[in-house]
Amino acid sequence: MLFFWLLALALGIACLAHRRTAPFPALGLVAGFLLLMGYFSHAPGWLLLLFWLGWLATTLPLAMPELRRHWLSAPLFAWFQRVLPPMSETERDAIEAGTVWWDGELFSGRPDWRKLLDSPRPQLTDEEQAFLDGPTEELCAMVSDWEIGQQLDLPPRAWAHIKRHGFFALIIPKEYGGKGFSAYAHSQVAMKLATRSADLASTVMVPNSLGPAELLLHYGTDQQRQRYLPRLASGEDIPCFALTGPLAGSDASAMPDLGIICKGQWQGEDVIGLRLTWEKRYITLGPVATLLGLAFKAYDPEHLLGEEEDLGISLALIPTDTPGVEIGRRHLPLGAAFMNGPNSGKDVFVPLDFVIGGQAMLGKGWMMLMNCLSVGRSISLPAAATGAAKFTSLVTGQYTRIREQFNVPLAAFEGVQEALARIAGNAWLMDSARILTASAVDQGEKPSVLSAILKYHLTERGRECIGHAMDVHGGKGIILGPSNYLGRAWQGAPISITVEGANILSRNLMIFGQGAIRCHPFVLREMALASRENRHQALEEFDQLLLKHIGFAVGNAASSLLLGLSLGRMGDAPGDNLSRPYFRALDRLAAAFALLADSSMLLLGGELKRRERLSARLGDALSHLYLASATLKRYHDRDYPEHLQPLVRWALEESLGKAESALDGLLGNFPNTIAGGLLRVLVFPLGRRHPGPSDALDAEVAGVIGRDRGDPALEELLSGCYRPHSAGDPVGALQVAIDQAGHSRPLLQKLQAALKSGQLRPAPGEPLVDAALAAGLLDADDARQVRAAEAARRRVIDVDDFAKEELHLREGGIR
């Protein structure tokens with residue numbers, strides 16, 4: 001009897017905590033329970049005494065402010081100040097950069113789905129759509145990935161087209177001569193270009209991402225905007241931005257590049273300026289840039305501007321023809337042809353008005369970069385990675401219909417279907433996250449944590465898609481030449497993994513490390529209080545925050561347990577019959593994530609910063625919750641169409657399975673074994689629920705990219721992908737072969753039946769079509785059609801070969 005009383009009490013308190021009720025009604029419930037138990041039960045007096053003492057020990061510190069501050073808040077505040085890890089200025093700027101959006105809802109443990117579902121669905125304007133259908137489509141048709149690789153540059157006509165149609169000015173407002181496009185349109189353009197050539201996409205993306213235009217728009221003076229933005233918009237100036245150097249990659253605070261405040265001559269006048277010395281590398285567009293954005297550390301040793309000597313990281317714009325600037329040499333990133341190279345300068349003098357934002361912005365460069373990077377990183381690399389996924393969906397789906405082994409199309413083999421499912425499912429999932437994040441930017445968000453999630457997970461999934469495509473294509477994928485549409489994508493796949501923050505860094509340090517502080521409802525405010533000088537006032541505010549934080553943590557623990565026991569069936573969920581259980585699963589996992597995030601920070605403190613694999617797993621859980629949210633949002637925006645259900649189910653099973661795996665890995669490696677065991681009971685009371693996509697679901701999704709052109713699910717999956725239709729183009733040849741095969745299929749079936757029945761008996765070595773023509777089973781038109789279909793199929797299957805004299809080195813490439 002006592003056990004059932006205790007179980008009822010525990011569940012009752014959990015229900016109150018799940019509803020985030022104030023703590024005092026819950027404590028009152030406990031007191032009432034103790035009175036009833038003492039009256040009706042025959043429990044021993046010593047047991048009741050223990051219950052009452054426990055209740056008093058919990059109630060008095062919470063109910064009496066002075067007692068609570070003395071015995072609970074003050075010791076916790078002192079502990080918090082002790083374990084708080086040291087934070088550099090660059091780390092602080094990174095953490096405080098950007099805004100908190102849906103990531104904050106996930107960190108709350110109780111996401112408000114209406115907030116997500118009611119957010120605007122992104123739409124292209126007529127002008128934006130016309131730019132995609134016109135100049136963007138035309139630019140894709142101008143280039144060949146093989147030719148770009150051989151020439152190590154875009155063709156001159158492509159450069160001229162880029163400048164003439166304002167591809168470098170997508171984000172520049174119309175008042176300065178730019179396009180003034182939305183973030184969503186910018187993403188659509190970058191993605192379409194990436195489905196044709198990664199080199200082409202990189203060339204266009206960089207000026208529209210982290211670069212002089214973005215920095216000028218947010219921080220430049222009016223004079224700087226008027227001077228530079230029209231020239232950037234017209235292509236008269238080509239920009240680059242120099243941040244990374246040989247001795248400072250991810251750790252920008254370690255850059256040795258200097259700018260010394262001093263007096264000097266500029267255009268015949270004595271002015272106060274900067275004498276700059278720097279060495280940078282990996283700078284995209286650097287070899288052809290006319291305007292160099294430069295990050296450096298500014299110092300004022302003569303105190304010409306004030307008492308402070310170390311001014312901090314600063315940014316300046318420098319014309320590349322300025323005396324002392326060394327620029328123009330090239331890197332070859334895994335043989336990629338987009339312009340990339342080093343630059344340097346020694347004792348380069350420029351006036352102070354070359355600093356972006358002028359003298360007032362000296363020392364604020366890292367803050368400027370972090371805020372702008374969060375926007376650019378949300379658009380460019382996710383768009384390029386999604387483009388790779390869509391492209392591999394297109395070509396691999398078509399190739400597996402054309403290529404046969406054992407007289408069976410490759411698409412019929414289960415092992416191939418597994419790879420096809422990963423390609424198609426990833427493409428859908430990545431596209432959903434790309435669209436949602438671009439939409440958030442258009443709503444005014446600067447999603448720093450979400451941009452790190454997209455940068456890591458989409459570039460990794462893009463690389464996975466290319467790898468699976470190469471596996472399926474086999475020899476077709478590895479023989480380089482004009483007919484190979486995959487080889488250069490495979491060569492360049494690691495490039496996006498390394499840029500704008502290496503992926504190992506993004507996963508292990510940035511996503512949860514920044515998110516835990518930036519997105520948590522209380523931690524950032526508690527950290528601010530811990531460093532405040534007025535300790536008495538800080539303690540009072542900490543005490544109030546602590547009460548809320550305790551309620552938050554207990555509520556998430558209760559929610560995790562109850563939602564786990566009820567399989568999420570507590571309260572209403574939006575959506576249709578397919579999506580409603582997934583919304584509930586996300587509620588459960590969001591509560592579990594919030595509980596484990598809080599518990600890890602509480603039990604490990606500053607040690608969590610060094611336990612990178614634990615931090616990475618928490619970041620993975622947050623990431624997969626976001627990817628699943630994006631999938632549900634897109635399904636909702638499309639009004640729950642039935643033809644998309646296999647893709648939606650695959651994306652959600654994949655995301656929920658990965659999220660559960662991350663939480664399970666965290667608990668399995670938790671340093672405190674007892675705490676890990678107790679947390680596992682709260683998080684997985686009935687075990688894991690989502691193992692990932694099933695074989696049957698894989699087969700369904702693999703079938704989507706094997707369907708005919710015009711199928712609604714296939715068309716939505718490939719939406720925005722450049723799709724040439726000419727047989728002279730190696731990608732267009734795939735569709736031509738499929739069309740020809742469709743026309744000739746009845747004739748081939750007729751011939752196969754004749755062979756089987758003995759009606760057709762070709763002589764040894766005699767072509768089947770010739771024998772059928774001689775036997776009168778085919779007329780001349782039929783034979784021509786069958787031969788055309790076979791020629792189209794061979795055009796796809798065949799690979800390139802070269803005469804010995806054709807192979808010679810020219811500027812680092814084979815021609």
> Quick one: are Pro671 and Leu604 in side-chain contact, heavy atoms under 4.5 Å?
Replying inline: yes
> Do Leu666 and Asn669 have side chains that get closer than 4.5 Å, going by heavy atoms?
Replying inline: no
> When rounded to the nearest 0.5 angstrom, what distance separates CG in Leu656 from CZ in Arg588?
Replying inline: 8.0 Å
>> Between Arg580 and Asp576 (salt bridge meaning N to carboxylate O under 4.0 Å), is one present in this structure?
In response: no
> Closest approach of Ala594 and Ser108, non-hydrogen atoms and distance?
Replying inline: CB-C, 4.3 Å
>> Looking at Arg688, I'd like to know if its CZ atom is crowded, meaning that more than 12 non-hydrogen atoms belonging to other residues, nucleotides or ligands lie closer than 6.0 Å.
In response: yes
>> The test is side chain to side chain contact (heavy atoms under 4.5 Å, CB included); show your working for Trp113 and Leu586 and say whether it passes.
In response: CA-CA 10 Å; Trp113 294 112; Leu586 279 172; 3.5 Å; yes
> Within the side chain of Thr631, is there an N or O that forms a donor-acceptor pair under 3.5 Å with the backbone of Ala651?
Replying inline: no
> Sequence neighbours excluded, which residues qualify as side-chain hydrogen bond (donor to acceptor under 3.5 Å, both in side chains) partners of Arg121?
Replying inline: none
>> Between Ser451 and Pro447 (side chain of the first, backbone of the second, donor and acceptor by atom type, cut-off under 3.5 Å), is there such a pair?
In response: yes
> Where is the tightest heavy-atom contact between Pro122 and Ile435, given as atom of each residue plus distance?
Replying inline: CG-CG2, 3.4 Å
>> Let me confirm one number: the OG-CG distance from Ser496 to Asn503, rounded to the nearest 0.5 Å.
In response: 7.0 Å
>> Among residues at least two apart in sequence or on other chains, which ones pass side chain to side chain contact (heavy atoms under 4.5 Å, CB included) with Glu418?
In response: Asp698
> Are more than 12 heavy atoms from other residues, nucleotides or ligands located less than 6.0 Å from atom CG of Asp695?
Replying inline: no
> For Val701 and Gly425, which heavy atoms make the closest approach, and how far apart are they?
Replying inline: CG1-N, 3.8 Å
> For Lys455, does its backbone N or O pair with a side-chain atom of Thr459 as donor and acceptor, under 3.5 Å?
Replying inline: yes
>> Under the rule for side chain to side chain contact (heavy atoms under 4.5 Å, CB included), what residues qualify as partners of Ser623, not counting sequence neighbours?
In response: Ile453, His457, Ile511
> What's the shortest heavy-atom distance between Ser378 and Leu454, and which atoms?
Replying inline: O-CD2, 4.1 Å
> Is there a side-chain contact between Leu561 and Pro685, using heavy atoms and a 4.5 Å cut-off?
Replying inline: yes
> Roughly how far, to the nearest 0.5 Å, is the CZ atom of Arg617 from the CG atom of Asn508?
Replying inline: 9.5 Å
> Under the salt bridge (Lys or Arg N to Asp or Glu O under 4.0 Å) rule, what pairs show up with a residue in residues 670-681, not counting sequence neighbours?
Replying inline: Asp664-Arg680
> Under 3.5 Å, is there a donor-acceptor pair between the side chain of Thr99 and the main chain of Lys446?
Replying inline: yes
> What do the steps show when you test Val449 against Leu622 for side chain to side chain contact (heavy atoms under 4.5 Å, CB included), and what is the final call?
Replying inline: CA-CA 10 Å; Val449 175; Leu622 174 64; 4.2 Å; yes
> Checking side chain to side chain contact (heavy atoms under 4.5 Å, CB included) for the pair Arg584/Leu563: CA distance, chi angles, key distance, verdict?
Replying inline: CA-CA 8 Å; Arg584 291 183 174 129; Leu563 293 172; over 6 Å; no
>> So which atom in Ala590 and which in Pro111 form the shortest heavy-atom distance, rounded to 0.1 Å?
In response: CB-CD, 3.8 Å
>> Atom CG of residue position Asn577 - does it have more than 12 heavy atoms of other residues, nucleotides or ligands inside 6.0 Å?
In response: no
>> Donor-acceptor check, side chain of Ser600 to backbone of Leu596, threshold 3.5 angstrom: yes or no?
In response: yes
> Do side-chain atoms of Ser599 reach the backbone of Leu595 as a donor and acceptor pair under 3.5 angstrom?
Replying inline: yes
>> Taking side chain to side chain contact (heavy atoms under 4.5 Å, CB included) as the definition, give me every residue that meets it alongside Glu700, ordered by chain and number, with sequence neighbours left out.
In response: Pro646, Arg649, Leu697
> Roughly how far, to the nearest 0.5 Å, is CG of Leu682 from CG of Leu562?
Replying inline: 10.0 Å
> Do the two ring centres, one from Tyr626 and one from Trp102, sit under 6.0 Å apart?
Replying inline: no
> Can you name the nearest heavy-atom pair linking Ala389 to Met430, along with the distance?
Replying inline: CB-SD, 3.8 Å
>> For Glu612, give me all partners under salt bridge (charged side-chain N to carboxylate O under 4.0 Å, His left out), at least two apart in sequence or on another chain.
In response: none
>> Taking side-chain hydrogen bond (donor to acceptor under 3.5 Å, both in side chains) as the cut-off, I'd like each qualifying pair that reaches into residues 421-432, sequence neighbours left out, listed once.
In response: Lys390-Asp431, Arg422-Glu464, Arg422-Glu654, Asn426-Arg461, Asn426-Glu464, Asp431-Arg434, Asp431-Arg634, Ser432-Arg634
> Mind checking what makes ring-ring contact (aromatic ring centres under 6.0 Å, His included) contact with Trp101, not counting sequence neighbours?
Replying inline: none
> Can you list the steps and then say if Arg689 with Glu653 is a salt bridge (charged side-chain N to carboxylate O under 4.0 Å, His left out)?
Replying inline: CA-CA 10 Å; Arg689 309 296 303 168; Glu653 290 296 339; over 6 Å; no
> Taking only residues at least two apart or on different chains, which pairs with a member in residues 656-683 satisfy ring pair (Phe, Tyr, Trp, His ring centres under 6.0 Å)?
Replying inline: none
>> Distance check, rounded to the nearest 0.5 Å: Leu429 atom CG versus Leu647 atom CG?
In response: 10.5 Å
>> Could you tell me if the side chain of Leu458 sits less than 4.5 Å from the side chain of Leu627, heavy atoms only?
In response: yes
> Does Arg507 have any side chain to side chain contact (heavy atoms under 4.5 Å, CB included) partners at least two apart in sequence or in another chain, and if so, which?
Replying inline: Tyr456, Ala616, Asp620
> In chain order, what residues pass the ring-ring contact (aromatic ring centres under 6.0 Å, His included) check against Tyr184, with sequence neighbours excluded?
Replying inline: none
>> Using a 3.5 Å distance criterion without hydrogens, assess whether the side chain of Ser615 forms a donor-acceptor pair with backbone atoms of Arg611.
In response: no
> What pairs with His636 under ring-ring contact (aromatic ring centres under 6.0 Å, His included), at least two apart in sequence or on another chain?
Replying inline: Tyr640
>> So, taking the atom named CG in Leu578 and the one named OH in Tyr635, what distance separates them when rounded to the nearest 0.5 Å?
In response: 4.5 Å
> Can a salt bridge be assigned to the pair Glu105 and Lys115 using a cut-off of 4.0 Å between side-chain N and carboxylate O?
Replying inline: yes
> Would you find a donor on one side and an acceptor on the other, under 3.5 Å apart, between the side chain of Lys633 and the backbone of Ala433?
Replying inline: no
